[in-house]
Protein chains: 2
Amino acid sequence: MQICISLAQLMSRGSKGLLRGSRRDGCPNPDTRPRGVERSVQHQKLATIEDVAALAGVSIATVSRAINEPTKVADATRRKVTEAVAKTGYTTNAMARSLRMRRSNMILILAPDVGDPNFSNILVGLETEASKRGYGVLIGNTQNDPTRETDYLRFISSNQADGLILFTGHLPYGFGQEGGEARLPAMVAVNEPVANADVPFVGVDNFEGSRVAAEHLISQGHRRIAFIGHSTSKAVNMLREQGYRAALQAARIEVDPRMILDGDGTTESGRAAAEHMFVRDVLPSAFLCVNDATALGVIISLNTRKYDLPRDFSIMGFDDISFASFVTPALTTMKQPRLKIGEKAMDLLLALLEGKPPKEPEVLLRAELIVRNSVSRPGYER
Amino acid sequence: MQICISLAQLMSRGSKGLLRGSRRDGCPNPDTRPRGVERSVQHQKLATIEDVAALAGVSIATVSRAINEPTKVADATRRKVTEAVAKTGYTTNAMARSLRMRRSNMILILAPDVGDPNFSNILVGLETEASKRGYGVLIGNTQNDPTRETDYLRFISSNQADGLILFTGHLPYGFGQEGGEARLPAMVAVNEPVANADVPFVGVDNFEGSRVAAEHLISQGHRRIAFIGHSTSKAVNMLREQGYRAALQAARIEVDPRMILDGDGTTESGRAAAEHMFVRDVLPSAFLCVNDATALGVIISLNTRKYDLPRDFSIMGFDDISFASFVTPALTTMKQPRLKIGEKAMDLLLALLEGKPPKEPEVLLRAELIVRNSVSRPGYER
DNA sequence: TGCATCTATGTAAACCTTTACATGATTCAT
DNA sequence: ATGAATCATGTAAAGGTTTACATAGATGCA
């Protein structure tokens, strides 16, 4: 039995869709195939543009043009080249191309922890968009280690990556100190805006989202609403707290400082904050949490105290992480459009690379209210 | 105020640790610095090996050697080169190097969904190990789309990646059909072994882990133990079921086929399976689930039916995903060493790239029993 | 017909390394 | 003192593209 698909051909198949016209039907009779092809497969030595040129009877420049700027080449020639490409299984060597063009079509993504589900889902969006546009995605898991952050910049400086996506909320350690003297690489921040630097940001509208969440609670009749997760260090937390305050203000509800508790966004801190409220015995009818993880902590605390949720207390989170729908009671929350955030951020970065300056310094996407079972009208109204 | 750290210098800092000896202390007086440096920064044109050679007064070959094989160069010369490198802020151009050396020091990771927390945590391990060894990590999110799988192979065929990590459980679509005629790239499978192909595998020991889990239930006195998540399609499920059977057999408990239910590993399927048991009214005292997501479904079902857990039923999962500790009752489960799996898999792949054939076809890591609150002695014993 | 313009292709340089081989200096053993 | 061996460095080729510029033929227009 004669098997005709060569590895190289196989690999070149989907390649950038350049060779759309190539035949995928019958195999040429083996002994009409140029000898060079078989050797190249056996010896792991891939076909080069020269092999294609020789087979097509044109110069390498023409081959290059036929592939990259098809309109600049005569129809007949283009056909010959396309055919030769198919026969040899040629794929353009990305290294040589990058060396020559001084761009790698790669994007470096710097994140503190790719394992964080909030990050990894944005990552999917980033990757999807990049791949659609012919870019590859390189990941750097910094674990908040300054050394590693700096280290990853070698991908930029060595031309291995053209642009940078930052999850970290700050420039890589030590970066940008020279006050604009040196141009920074194309960058877009995601998840957390970069402080003290002019980096375009794509993320959820935290202020607005939190406002909508608080409004939802208010619309259910709540007036004593606690906010768990105050923290001045992160923009996310600050904005969400401000949204909460705005909603209360708009409803003419005075903001009670005893209703605003600290937290660092972890489940444990949510639990601790709820416990703290019981110790002080200043109880709200609803908890608005800075994120779902915190809300989970609150729920655990309340469940442990044998409260009946949501009859006794209403709880809202923010993010809509996967288990929000599984916890009891299922959590009413604001859904972050993570996929869209990733796609939009990558879109912006690629536009930047093509020399288009961003129209606005930040793109804010709406969070969506997801109503589940953790909110009801407050007990004293029933 | 004079700021002396140039962007290029900054970027070259951590770079592969080659220039360990370079000074990081006082800045040279600005006007003793060669003019070229400033220009190169301004014009975004990075220093090349030639610039370094000129400054150090040696040939480019010597510079290359001083950087890559320091022992082959005289001490004095090495010092001169190191100094010139520091002054120019030289970083070796990865593209040129890769082109010449025909290796990119990049690894391509193919995963169906990077957003899956099970995957993303292995990913962290992969990345950590790769980075430690000077490799970069390229991700391909295939979404189980055959076209995308094939498409990503261009990274291999174009020399942009040297090796491949497969999360997918199968070779990229259409790959390897030519029956060994063409050599496949260096590959290691993770999470799910590759069927019908000789690809080294690194993962958790599912059989043994599941056996330990079942043993744990048996040791608590359970004899009617259901297994939720039977499925012949995936190796993971098969092995976990076999571990369950082995434990029962060893304890001389007959395996009741009515106690083995289908499931596809989702929370919904776990819920459905539990419901199914109640409809048929063939009840176990404990549920051993193929994974935590399934176990969560079972718990939801039982909670909804107002059972008191774990008094009425014991539940065990497998994986130890993040919320396992937050659900009520907190889930007793087998913890997958995800980080370690990633690290080990990458280690194996890099060894493979260095020409060392793997000693064994698969590396199995032990799962760890995590005891929480979802298991107690069965009710009829109390 | 003659000249300008356009189109299709080819030539060769540039992108920046690594490394086989050559060279010359130094050391060592005889 | 001589030849061999070792060491440090330099020369130049090779790796595979893209593209500015040159060339030659075709086309258009007066």
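No hydrogens, no waters, no symmetry mates; every other heavy atom, side chains included, goes into these values. To find a chain, count down the sequence lines: A is the first, B the second, and so on, and within it residues start at 1.
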**OP:** Compare side-chain N and O positions of T77(A) against OP1 and OP2 of dA8(C) and report whether any pair is under 4.0 Å apart.
**Re:** no
**OP:** Could you tell me whether a side-chain N or O of S131(A) sits under 3.5 Å from a main-chain N or O of E127(A), the two making a donor and an acceptor?
**Re:** no
**OP:** Kindly write out the residues that satisfy side chain to side chain contact (heavy atoms under 4.5 Å, CB included) with P358(B), not counting sequence neighbours, or none if the list is empty.
**Re:** P200(B), L348(B), L352(B)
**OP:** Ignoring hydrogens and angles, tell me if any N or O in the side chain of N105(B) forms a donor-acceptor pair with the backbone of Y135(B) under 3.5 Å.
**Re:** no
Subject >> Expected output: side-chain R148(B) to main-chain N141(B) donor-acceptor under 3.5 Å >> reply: yes
Original post:
Base, sugar-phosphate alone, or nothing: which one does S98(B) contact when heavy atoms must sit under 4.0 Å apart?
Top reply: nothing
**OP:** Would you confirm whether R78(B), through its side chain, and V73(B), through its main-chain N or O, come within 3.5 Å as a donor-acceptor pair?
**Re:** yes
Subject >> Nearest-nucleotide comparison on DNA chain D, the residue closer to the 5′ end among G57(B) and M95(B) >> reply: G57(B)
Subject >> Side-chain heavy atoms of V52(A) within contact of K87(A), under 4.5 Å >> reply: no
Original post:
Quick one: do K132(A) and E129(A) make a salt bridge, cutoff under 4.0 Å?
Top reply: yes
Original post:
How close or far is atom P of dA8(D) from atom NZ of K80(B), stated in whole angstroms?
Top reply: 14 Å
Subject >> Whole-Å gap separating P (dA8(C)) and CZ (R79(A)) >> reply: 14 Å
Subject >> Nearest-0.5 Å distance, OG1 of residue T82(B) to CD1 of residue I67(B) >> reply: 8.5 Å
Subject >> Protein proximity profile, nucleotides 16-25 of chain C - base contact B, sugar-phosphate-only contact S, no contact -, cut-off 4.0 Å on heavy atoms >> reply: BBBB------
Original post:
For the helix from dT1(C)-dA30(D) to dT30(C)-dA1(D), how many degrees between its two end axes (five pairs per end), to the nearest 10°?
Top reply: 40°
